[in-house]
Amino acid sequence: MRRLPLPGIPAQAAIDDPALRAAYAACRRFAKTANPTEYSLMQLMPAAMRPSCWALWTALSVPDNIIDTASGTPAQRVTRMRAWITSLEADVKQGTSSDPFRRAIVDTVWRWNLNLRDLSVSFSAIEADAEGRRPATWTDWSARVQRSNASWAGQCLILFNRAGLPTPMRPQYQRDFARYLDGVYLTDTLADLSADLDRGALLLPAEVIDGFDATPADLLQRRWTPQIQALITHLVSRARHQLNAPAFLTVLHPGAVALFTAVSNLFLARLRAVERAGPRLLHTGPRPGKLARQCILAPARAKAALAWQMTPLNVPRTPSLPPQQIALPLTPAARPAAHTPPRPHASGVRPPAIAPDRMPRHVAIIMDGNGRWAAGRDLPRHEGHRAGRSALLDVIEGAREIGLQHLTVYAFSSENWQRSPEEVAHLLELARDGRQQFVAGGVRLRWAGSPDGLPEDLVDELHRGERETRGETGLTLTICFNYGGRAELAGAAADLARAAVAGDLDPNSISEHLLGRYLPNPDMPDVDLLWRTGGEHRISNFLPWQTSYAELHFTDGYWPDVDRRDLWQAIVTYGRRDRRHGTASATPRPAALAKTSSGRSAGDR
Ligand code: IPE
Ligand code: IPE
Ligand code: MG
């Protein structure tokens with residue numbers, strides 16, 4: 001394939017698609033302009049990995065820039081940063097992006113089978129900077145340095161591992177590496193001191209400023225007192241000590257040794273520039289001269305290139321998406337209809353106010369207990385299902401009122417065929433006239449499940465509902481009908497196997513992301529909140545892939561007794577949960593963020 005003449009994209013990186021090459025080139029320019037020193041050091045990585053390094057750098061720098069801009073309140077900047085990360089997550093799921101930076105990041109994540117969640121420690125450290133809180137002690141300072149940078153380094157190590165050059169960081173060197181990273185960032189903080197003071201930020205720990213009898217005011221007002229002078233001398237010596245002769249170098253590949261030696265030499269040169277600057281340090285950002293930089297970088301480039309050349313690396317290619325999905329139209333076919341507002345609840349109750357970051361994006365419900373509800377009233381089971389449908393209609397209105405994006409309901413499982421033919425016939429009948437009932441303003445209907453065993457006209461009807469509401473952008477309502485979670489996974493596995501046997505897919509490229517794209521509803525977001533009524537505490541083969549990190553909520557009432565207030569209550573309960581996704585971060589939890597106006601009691605019921 002002919003490659004666009006984009007400078008700096010190494011052939012070894014195996015990026016053939018011109019648009020993708022342009023996307024990586026955008027990341028490269030971004031890194032080069034914003035962080036020339038770090039960029040020149042990334043150029044010492046193996047050529048095949050450089051584009052992915054730029055993309056990962058961009059993934060962390062864009063949020064960092066959003067938080068560091070002068071515009072907007074801290075809360076507004078946090079909202080903007082989170083919106084960008086949410087778009088990135090959605091793009092990763094999709095396998096592509098219309099934004100050039102995100103497109104390159106998505107490719108890197110897919111190609112190397114990375115997990116975006118690994119960056120979340122850094123994202124939360126960056127987010128915490130919005131408040132501009134000064135670290136109190138060196139321990140706080142170091143924790144912040146490690147949290148914001150460790151994931152970038154960790155991802156680079158994964159690239160090496162996946163490329164066939166395992167670089168296990170032995171425990172005895174981890175402390176040494178952390179100390180080294182502290183030295184790098186202390187140097188950076190010193191060199192950028194005046195720029196930080198420009199925006200009123202003071203990143204040095206309070207304990208060291210106090211220890212030298214200096215005051216933050218002296219620094220912020222740029223008074224070069226003897227105390228400040230002594231403080232800077234101490235910090236330079238501390239950074240120099242941390243950068244000198246790191247023990248972990250002894251166990252690295254010669255290419256990595258060349259890289260880290262250049263890092264040490266460049267940052268030691270920056271420290272000398274800081275020393276030379278004297279009182280000017282409070283007014284300018286001292287940098288080593290171009291010649292000094294070249295004297296360090298040129299030999300390092302030669303050494304690193306030679307060393308990497310001797311080690312063949314295996315760069316994975318981006319796995320191709322399943323063919324049927326490439327053909328999906330990107331623009332909605334149907335014109336969105338004029339929306340009718342949600343019908344209010346008979347009692348006039350309004351939804352609770354939920355803070356945006358406490359709102360689940362996707363709620364899934366196992367609507368259970370119809371049969372027992374009917375039995376309790378001496379009614380046939382199908383009357384329970386009929387009443388259950390009314391409950392669903394109210395819950396849908398409540399989902400629209402509270403602004404939920406995705407609601408998925410379990411209406412008929414692949415195991416429910418084992419019920420009596422009469423009950424099954426009633427359930428099929430209820431599904432048949434669903435479309436007219438559910439298509440309220442702005443609702444996009446989806447069907448998840450298998451056509452096997454369903455009457456053809458019902459399948460047509462379910463497809464018609466999907467087709468006719470394809471342009472809607474309000475609530476996405478997915479009806480799981482004749483649905484079985486394991487069957488869905490088995491189907492995806494079979495499709496992947498077929499693609500591999502046909503030679504369209506390298507089995508090594510099968511990642512979680514790729515498997516997700518082979519599911520029948522690849523765009524369905526992960527479930528945030530899974531709610532089951534009817535008092536049973538089980539999942540019953542419902543969305544096993546999508547609920548793997550869902551918060552679970554069980555209530556005892558039967559589904560036909562439920563209304564929108566129970567959905568709102570479930571959402572309020574969800575908002576109080578601490579979702580850690582495997583991290584140990586003990587973010588202090590705000591107290592209950594919202595009260596229901598329905599007057600129902602709070603908490604799990
Ligand atoms: C859920 O209610 C609806 C369907 C399974 C279709 P059930 O019919 O399972 O009600 P119970 O659990 O028997 O009470
Ligand atoms: C799950 O409920 C299926 C639906 C709600 C449609 P079931 O009532 O069929 O589940 P089990 O049999 O109790 O696990
Ligand atoms: Mg049941």
Side-chain angles (χ1 to χ4, degrees), residues 339-370 373 384-411 430 434-446 465 469 472-480 524-525 527-534 542-543 550-577 592-605:
H339 300 160
T340 50
R343 252 179 303 108
H345 187 260
S347 68
V349 66
R350 303 287 303 143
I354 306 285
D357 62 335
R358 295 286 141 188
M359 182 72 190
R361 184 162 173 237
H362 185 183
V363 176
I365 310 178
I366 302 175
M367 311 181 287
D368 197 21
N370 295 352
W373 181 91
H385 298 313
R386 190 169 299 285
R389 222 255 308 261
S390 306
L392 175 58
L393 290 176
D394 193 70
V395 165
I396 292 168
E397 294 302 287
R400 293 177 62 211
E401 266 189 300
I402 203 167
L404 185 66
Q405 287 181 45
H406 293 266
L407 176 67
T408 298
V409 294
Y410 207 4
L430 279 177
R435 183 172 54 90
Q436 301 302 338
Q437 297 264 5
F438 295 150
V439 180
V443 174
R444 182 177 184 200
L445 266 183
R446 304 300 311 265
T469 59
E472 301 295 355
T473 53
L475 172 73
T476 296
L477 171 68
T478 305
I479 312 276
C480 292
M524 178 185 280
V527 173
D528 297 306
L529 170 62
L530 172 63
W531 170 27
R532 180 170 188 148
T533 61
F542 186 44
L543 302 174
E551 293 297 324
L552 307 180
H553 179 69
F554 298 104
T555 52
D556 289 334
Y558 298 140
W559 177 252
D561 286 330
V562 156
D563 67 28
R564 69 186 79 185
R565 292 172 294 179
D566 300 275
L567 171 73
W568 296 342
Q569 184 57 57
I571 290 175
V572 169
T573 302
Y574 166 87
R576 298 197 188 105
R577 302 268 180 95
L593 287 152
K595 271 196 159 116
T596 68
S597 49
S598 65
R600 293 190 173 194
S601 65
D604 289 4
R605 295 188 300 148

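- Looking at heavy atoms from C-beta onward, His362 lies in side-chain contact with Met524 at the 4.5 angstrom threshold.
- Within the 4.5 Å cutoff, the side chain of Arg564 has heavy atoms near those of the Glu397 side chain.
- The heavy-atom pair separating Pro525 from Arg361 by the smallest distance is CB-NH1, 3.4 Å.
- Across Pro560 and Asn370, no two heavy atoms sit closer than the pair CD-OD1, 3.4 Å.
- Nearest heavy-atom pair across Gly534 and Tyr558 is CA-CD2, 4.1 Å.
- When side chains are defined from C-beta on, Asp368 does not count as touching Trp559, because their heavy atoms never get closer than 4.5 Å.
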Passes side-chain contact (heavy atoms from CB on, under 4.5 Å), Tyr574 versus Val363? Steps please.
CA-CA 10 Å; Tyr574 166 87; Val363 176; over 6 Å; no

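- Of all the heavy atoms in Ala399 and Leu407, the pair that sits closest is CB-CD2, 4.2 Å.
- Checking each of Asp566, Leu552, Ile366 against Trp531 for a side chain to side chain contact (heavy atoms under 4.5 Å, CB included) leaves exactly one that passes, namely Asp566.
- Considering only heavy atoms from C-beta on, Thr478 stays 4.5 Å or farther from His406 through its side chain.
- Note that CG of Leu445 and OG1 of Thr476 are 9.5 Å apart. Values are rounded to the nearest 0.5 Å.
- Contact of the Thr469 side chain with the Val443 side chain is not registered, since no non-hydrogen atoms from C-beta on lie closer than 4.5 Å.
- Pro352 has its side chain within reach of Ile402: a pair of non-hydrogen atoms, C-beta onward, lies under 4.5 Å apart.
- The side-chain heavy atoms of Leu543 and Tyr410, taken from C-beta on, include no pair separated by under 4.5 Å.
- We find the CG-CD1 distance between Leu392 and Ile365 to be 7.5 Å, quoted to the nearest 0.5 Å.
- Between Ile354 and Trp568 there is no side-chain heavy-atom pair separated by less than 4.5 Å.
- The CZ atom of Arg446 sits 11.0 Å away from the CG atom of Leu477 when rounded to the nearest 0.5 Å.
- In this structure, Glu401 CD and Ile396 CD1 are separated by 13.0 Å, a value rounded to the nearest 0.5 Å.
- Checking side-chain atoms of Arg386 against main-chain N and O of Leu430 turns up no donor-acceptor pair under 3.5 Å.
- Looking only at distances, no side-chain donor or acceptor of Thr555 sits under 3.5 Å from a matching main-chain atom of Gly557.
- Here the CZ atom belonging to Arg400 is positioned 5.0 Å from the OG1 atom belonging to Thr340, to the nearest 0.5 angstrom.
- Residue Arg358 holds its CZ atom at 11.5 Å from CG of Asp528, rounded to the nearest 0.5 Å.
- In terms of heavy atoms, Met367 sits closest to Ala411 at CE-CA, 3.9 Å.
- Closest heavy-atom contact between Pro360 and Ile571: CD-CG2, 3.6 Å.
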